[in-house]
There are 2 protein chains.
Amino acid sequence: MPRAIFPAPDHDHERCTSDAIAYAEAQCAARAKRLTPMRRQVLEALLASHNPLGAYEIIERLADKNGRPAPITVYRALDFLRDNGLVHRIESRNAFVACGHNHGGDDLVVFLICERCGAVGEATDGAVAQALKASARAAGFSPKSPIIEIAGVCAHCGGR
Amino acid sequence: MPRAIFPAPDHDHERCTSDAIAYAEAQCAARAKRLTPMRRQVLEALLASHNPLGAYEIIERLADKNGRPAPITVYRALDFLRDNGLVHRIESRNAFVACGHNHGGDDLVVFLICERCGAVGEATDGAVAQALKASARAAGFSPKSPIIEIAGVCAHCGGR
DNA sequence: CGATTTTTGCTGCAGCGCAACATGAAAATC
DNA sequence: GATTTTCATGTTGCGCTGCAGCAAAAATCG
């Protein structure tokens, strides 16, 4: 049974953001990890945009009177957030998105990337996962972590 | 019905290479495109290794007494080869592989990337394609070009 | 042969990503 | 409370990725 989430352009973003932060805090607490200011800021920057951001875009958005964080700083925060399932990397874009956390840690996630608005939706689908596993096994291959990214046009941009 | 190709470590590489070159020549002839020396060299470099190569690795391998090609030169050759279905880009590696040409132009291809030996196999599977399409549609998404890359361990490296 | 298209070479540049080391802050142990 | 250990951040530096823009050379066409 497919389950998909694509951010509607008119969704309650305030709410969606605070929910995600609350989830991140809970997740970190549960794992005895620390959601430090730096990490929180990076996550917030990603949440503020439902589009994937490149590392240097994040740096740009975190820049203020106190200067801007060094690339490595942002990358480390991103590593942490990814390790804890709060952020995904979009390989085909060299960019990152906050996770919609509509899926369990090891679920196969399908990223739907809109070519018009750039928004990224996440879908989880057991059927796809099964078919993929079967396909890999048939080649004598033991799959670890599948990456699935689909470019296309989302419903809000008139794709039909 | 899944169809998969994973290069066996003891396969006839001589043959496999010359076949691929012949295919490339045929493909280019059919499309009235030119398989120039540069393009051929890049393709040969990729064929000589069943592992994906980064652009600068290709440059390295093409370097000789006459100097080395500039990055842009290799990228242009790669663009050409990709446009004509002779080379794939492995997004998760920022690298390129020669196409096993075991699939039609628009088929969905699943890349199986061995974490041990680095070899890349290609699988084509209608079931996966169907499931993916269904999943995307359910989210109101019109898919264009899916990218599927699976890291894991291949049969020859003891994956089971 | 001359004109057009295609391909290659050259310069330069911006983003990506991390290694190695130093510093500072927090948590655990005594 | 002081010390040790652990973790997080800052600093410097560098190599890879990828392409724009322009000029020169080669192939194709009329």
Side-chain angles (χ1 to χ4, degrees), chain A residues 24-25 28-29 31-46 49 51-84 86-97 118 149, chain B residues 24-25 27-29 31-46 49 51-84 86-97 118 147 149:
Chain A
E25 280 170 346
C28 286
R31 298 176 174 212
K33 298 284 175 64
R34 287 154 53 195
L35 188 63
T36 63
M38 187 75 249
R39 291 166 178 174
R40 177 188 292 258
Q41 286 170 42
V42 170
L43 180 57
E44 282 170 351
L46 288 176
S49 143
N51 299 28
L53 295 180
Y56 283 57
E57 278 180 288
I58 296 174
I59 291 174
E60 217 58 43
R61 300 189 182 208
L62 294 191
D64 62 356
K65 58 218 172 280
N66 306 329
R68 61 193 53 203
I72 185 70
T73 302
V74 168
Y75 279 107
R76 281 195 284 231
L78 286 170
D79 283 347
F80 172 87
L81 295 169
R82 282 207 285 160
D83 287 347
N84 292 279
L86 301 170
V87 160
H88 294 294
R89 177 184 165 78
I90 307 294
E91 303 289 347
S92 57
R93 293 276 201 280
N94 289 336
F96 305 85
V97 281
E149 299 173 8
Chain B
E25 280 171 347
Q27 202 67 10
C28 286
R31 298 176 174 214
K33 297 285 174 64
R34 285 156 54 196
L35 187 63
T36 63
M38 187 75 249
R39 291 166 179 172
R40 177 189 292 258
Q41 285 170 42
V42 170
L43 180 58
E44 282 171 352
L46 289 175
S49 142
N51 299 29
L53 295 180
Y56 282 60
E57 278 179 287
I58 295 174
I59 291 175
E60 217 57 44
R61 300 189 183 207
L62 294 192
D64 61 357
K65 59 222 172 276
N66 307 328
R68 61 192 52 203
I72 186 67
T73 301
V74 168
Y75 277 108
R76 282 196 283 230
L78 287 169
D79 283 347
F80 173 87
L81 294 169
R82 282 207 286 160
D83 287 345
N84 292 280
L86 301 169
V87 160
H88 294 294
R89 178 184 163 79
I90 306 294
E91 304 288 346
S92 58
R93 294 276 200 280
N94 290 336
F96 305 84
V97 281
I147 296 169
E149 299 174 8

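Basis for what follows: all heavy atoms, side chains included, without hydrogens, waters or symmetry-related copies. Here the structure is a predicted model, which means the values were calculated and not measured. We name chains A, B, ... by the order of the sequence lines, and we start the count at 1 in each one.
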Who are the side chain to side chain donor-acceptor pair (under 3.5 Å) partners of [X], not counting sequence neighbours?
X: A:D83; value: none
X: A:N84; value: A:R31
X: B:T73; value: none

For [X] and [N], give me the distance from atom [atom1] to atom [atom2], rounded to whole Å.
X: A:R89; N: C:dC18; atom1: CZ; atom2: C1'; result: 12 Å
X: B:L78; N: D:dC19; atom1: CG; atom2: C1'; result: 13 Å
X: A:Q41; N: D:dA8; atom1: CD; atom2: C1'; result: 14 Å
X: A:Y75; N: D:dT11; atom1: OH; atom2: C1'; result: 17 Å
X: A:R93; N: C:dC16; atom1: CZ; atom2: C1'; result: 16 Å
X: B:N94; N: C:dC18; atom1: CG; atom2: P; result: 10 Å
X: B:L35; N: D:dA26; atom1: CG; atom2: P; result: 19 Å

Checking [X] now: which residues fulfil side chain to side chain contact (heavy atoms under 4.5 Å, CB included) with it, not counting sequence neighbours?
X: A:R93; value: A:I90, A:A95, A:I113
X: A:A29; value: none
X: B:E91; value: A:E91, A:S92, B:R89, B:I147, B:E149
X: A:D79; value: A:R82

- Query: Out of curiosity, A:L46 CG to A:Q41 CD, how far, rounded to the nearest 0.5 Å?
  - Reply: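 Reported to 0.5 Å precision, the distance equals 12.0 Å.
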
- Nearest-0.5 Å distance that lies between atom CZ in B:F96 and atom OG in B:S49: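 Rounded to the nearest 0.5 Å, the CZ-OG separation comes to 13.5 Å.
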
Determine all donor-acceptor pairs shorter than 3.5 Å in which one atom belongs to a side chain in residues 53-60 of chain B; sequence neighbours excluded.
{"residue": "B:E57", "atom": "OE1", "partner": "B:G54", "partner atom": "N", "Å": "2.9"}
{"residue": "B:E60", "atom": "OE1", "partner": "B:R68", "partner atom": "NH1", "Å": "3.4"}
{"residue": "B:E60", "atom": "OE2", "partner": "B:R68", "partner atom": "NH1", "Å": "3.2"}

- Task: Would you jot down, in residue-number order, the residues of residues 55-64 of chain B having a non-hydrogen atom under 4.0 Å from DNA chain D?
- Result: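 DNA chain D contact set from residues 55-64 of chain B: B:A55, B:Y56.
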
Return the polar atom pairs (N/O with N/O) between nucleotides 4-12 of chain C and the protein under 3.5 Å, or none.
{"residue": "C:dT7", "atom": "OP1", "partner": "B:R39", "partner atom": "NH1", "Å": "3.0"}
{"residue": "C:dT7", "atom": "OP1", "partner": "B:R39", "partner atom": "NH2", "Å": "3.4"}
{"residue": "C:dT7", "atom": "O5'", "partner": "B:R39", "partner atom": "NH2", "Å": "3.2"}
{"residue": "C:dT8", "atom": "OP1", "partner": "B:T36", "partner atom": "OG1", "Å": "2.4"}
{"residue": "C:dG9", "atom": "N7", "partner": "B:R76", "partner atom": "NH2", "Å": "2.6"}
{"residue": "C:dG9", "atom": "O6", "partner": "B:R76", "partner atom": "NH1", "Å": "3.2"}
{"residue": "C:dG9", "atom": "O6", "partner": "B:R76", "partner atom": "NH2", "Å": "3.2"}

- Item | Between the first and last five pairs of the helix from C:dC1-D:dG30 to C:dC30-D:dG1, the angle of the axes, rounded to 10 degrees |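 Taking the rotation axis at each end, their angle is 30°.
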
- Task: Quick one: which residue pairs count as a salt bridge (charged side-chain N to carboxylate O under 4.0 Å, His left out) with a foot in residues 33-43 of chain A, not counting sequence neighbours?
- Result: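 Non-adjacent pairs meeting salt bridge (charged side-chain N to carboxylate O under 4.0 Å, His left out): A:E25-A:R40.
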
